[in-house]
Amino acid sequence: MKKLYYLSFSLLFLTTVCFAEVSKKERKALIDIYETTNGAHWVKKWDLKAPVAQWHGVTVKNDQVVAINLFHNNLMGSISPQIGALENLEVLNLAFNSLTGSVPAEITKLSNLKVLKLEMNRLNGEIPEGIGNLLKLEEFSAFNNFLTGRIPATLGNLVDLKVLNLSSNEFYGDIPGSLGALSQLETLGLFENRLEGAIPRDMGKLSNLKELVLANNRLIGEIPNEFADLASLEVFQIQNNNFSSFKALEFLETKEYLVFDYDKDDKKLEFKDINFSKSRMADTKFEDIEE
């Protein structure tokens, strides 16, 4: 009888340990996300009766939800504002789904977030100004949506950012000069928007920048002289704009061969004295490949 008691106690203890993970607050937030994105039709569904750590794409560490990866999982509907309750979240990947609606302002409460991937959805509206509060963010990708408004100047606060890709949306206005403060930035994609004005000179400070894609906008003026300092640049695509001169690139000394796309039929452009011996001209189009 005593052995049976200990066995029952052990089973109860193990069951308690298995389910003693994440707070009620976080579990409730996850369930709300599941319901608002039509979880019943996901490719890989959650068994809401199982421990959260067993749910597809959810990573639990020290009884806290630290990552959600629901890439290409047939999510539909909107992103629940309850996302803001997952305050320990470091990675949020909702890319390649059919999400609609706006990016909830509550997402800017995720102060531990390092990766935010929202690309290839149907999101609309503006990026919340509070995006600049995510000071640990290293990657922010939201290409191929219907996002609009001006690119928030507060993005310049994200000094750890290495990847910023807002291509193929409906952003308008100037490129914020504050992006020049992103000293760790390696990739900047602003392809195919409605951006206007000149390229900010401060972007010449992005010494780690390897890929800069500004094609298919309404940008004007000259390439800033400061771009001669972009020694790490490997890909530079600026075709289908209204630039008047690339003269500044004469002094560009890159570490690697530069893939440089421009409007080759525009006779107004100044190329006479530019040495492109370290450059490879290409008619490549900017494409984001599914990982």
Side-chain angles (χ1 to χ4, degrees), residues 127 132 140-143 147-159 161-256 258-266 268-271 273-276 278-279 281-286:
I127 295 176
F140 178 30
S141 183
F143 64 83
L147 298 170
T148 187
R150 294 180 179 272
I151 295 174
T154 55
L155 285 171
N157 298 339
L158 309 181
V159 294
L161 204 61
K162 294 181 180 179
V163 176
L164 176 59
N165 194 336
L166 302 177
S167 294
S168 297
N169 280 288
E170 298 176 5
F171 293 110
Y172 57 78
D174 297 336
I175 298 174
S178 60
L179 298 187
L182 303 177
S183 59
Q184 303 302 312
L185 199 64
E186 297 179 1
T187 298
L188 176 58
L190 300 177
F191 167 86
E192 201 170 44
N193 281 286
R194 292 186 284 143
L195 300 172
E196 301 174 333
I199 298 177
R201 295 188 177 278
D202 284 345
M203 285 177 59
K205 300 176 182 177
L206 303 177
S207 59
N208 289 305
L209 198 62
K210 296 179 180 179
E211 182 174 338
L212 176 58
V213 184
L214 303 175
N216 291 18
N217 280 289
R218 303 170 184 176
L219 300 171
I220 61 173
E222 301 179 350
I223 303 300
N225 290 333
E226 289 79 2
F227 270 41
D229 297 327
L230 299 181
S232 298
L233 203 58
E234 298 174 10
V235 176
F236 187 26
Q237 296 181 303
I238 53 177
Q239 67 270 31
N240 297 326
N241 281 288
N242 295 304
F243 294 115
S244 57
S245 173
F246 301 152
K247 184 71 175 177
L249 297 181
E250 177 181 355
F251 307 101
L252 181 61
E253 289 290 337
T254 60
K255 298 174 183 177
E256 303 290 340
L258 177 66
V259 176
F260 178 44
D261 291 355
Y262 65 98
D263 298 313
K264 302 173 183 62
D265 296 329
D266 194 336
K268 296 180 296 182
L269 300 177
E270 302 174 8
F271 285 110
D273 301 318
I274 301 180
N275 178 11
F276 285 120
K278 291 193 66 178
S279 300
M281 308 302 183
D283 285 318
T284 56
K285 295 180 180 179
F286 180 71

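Numbers for residues simply follow the sequence, beginning at 1.
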Minimum side-chain heavy-atom gap [X]-[Y] below 4.5 Å:
{"X": "Phe140", "Y": "Asn165", "value": "no"}
{"X": "Tyr172", "Y": "Thr148", "value": "yes"}
{"X": "Asn242", "Y": "Leu219", "value": "no"}
{"X": "Ile223", "Y": "Ile199", "value": "yes"}
{"X": "Leu164", "Y": "Leu185", "value": "yes"}
{"X": "Ile175", "Y": "Leu214", "value": "yes"}
{"X": "Leu195", "Y": "Leu190", "value": "yes"}

Heavy-atom closest contact ([X] atom, [Y] atom, distance):
{"X": "Gly197", "Y": "Asp174", "result": "CA-OD1, 3.8 Å"}
{"X": "Leu166", "Y": "Leu155", "result": "CD1-CD1, 4.2 Å"}
{"X": "Leu147", "Y": "Ile127", "result": "CD1-CG1, 4.4 Å"}
{"X": "Ser178", "Y": "Ala153", "result": "OG-O, 2.7 Å"}
{"X": "Ser183", "Y": "Val159", "result": "OG-O, 4.4 Å"}
{"X": "Ser207", "Y": "Ser232", "result": "O-OG, 2.8 Å"}

Exercise for the section: Test Phe236 against Val259 for side chain to side chain contact (heavy atoms under 4.5 Å, CB included), laying out the working first. Expected result: CA-CA 6 Å; Phe236 187 26; Val259 176; over 6 Å; no
Can you tell me how far the [atom1] atom of [X] sits from the [atom2] atom of [Y], to the nearest 0.5 Å?
{"X": "Phe191", "Y": "Asn240", "atom1": "CZ", "atom2": "CG", "answer": "8.0 Å"}
{"X": "Arg194", "Y": "Arg218", "atom1": "CZ", "atom2": "CZ", "answer": "6.0 Å"}
{"X": "Glu196", "Y": "Asn241", "atom1": "CD", "atom2": "CG", "answer": "11.0 Å"}
{"X": "Lys210", "Y": "Leu188", "atom1": "NZ", "atom2": "CG", "answer": "15.0 Å"}
{"X": "Leu161", "Y": "Asn157", "atom1": "CG", "atom2": "CG", "answer": "11.0 Å"}

Exercise for the section: Using the side chain to side chain donor-acceptor pair (under 3.5 Å) rule, take Glu222 and Ser244 through it: C-alpha gap first, then chi angles, then the decisive distance, then the call. Expected result: CA-CA 5 Å; Glu222 301 179 350; Ser244 57; 4.8 Å; no
Problem - Trace of the side chain to side chain contact (heavy atoms under 4.5 Å, CB included) decision for Leu233 with Leu212 - result: CA-CA 8 Å; Leu233 203 58; Leu212 176 58; 4.0 Å; yes
Practice task
Show your reasoning for whether side chain to side chain contact (heavy atoms under 4.5 Å, CB included) applies to Leu206 and Leu179.
Solution key: CA-CA 9 Å; Leu206 303 177; Leu179 298 187; 5.5 Å; no
Practice task
Would you tell me whether Glu192 and Ser167 have side-chain atoms, one donor and one acceptor, within less than 3.5 Å of each other?
Solution key: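 Side-chain D/A pair, Glu192 to Ser167: absent.
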Problem - Backbone of Gly204 reached by a side-chain donor or acceptor of Asp229 within 3.5 Å - result: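 Pair absent, no side-chain N/O of Asp229 close to backbone of Gly204.
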Exercise for the section: Please check if the side chain of Asn193 supplies one atom and the backbone of Asn169 the other of a donor-acceptor pair under 3.5 Å. Expected result: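 Present.
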Exercise for the section: Look at Lys162 together with Glu186 and state whether they make a salt bridge at an N to O cut-off of under 4.0 Å. Expected result: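 Salt bridge between Lys162 and Glu186, a charged N being under 4.0 Å from a carboxylate O: no.
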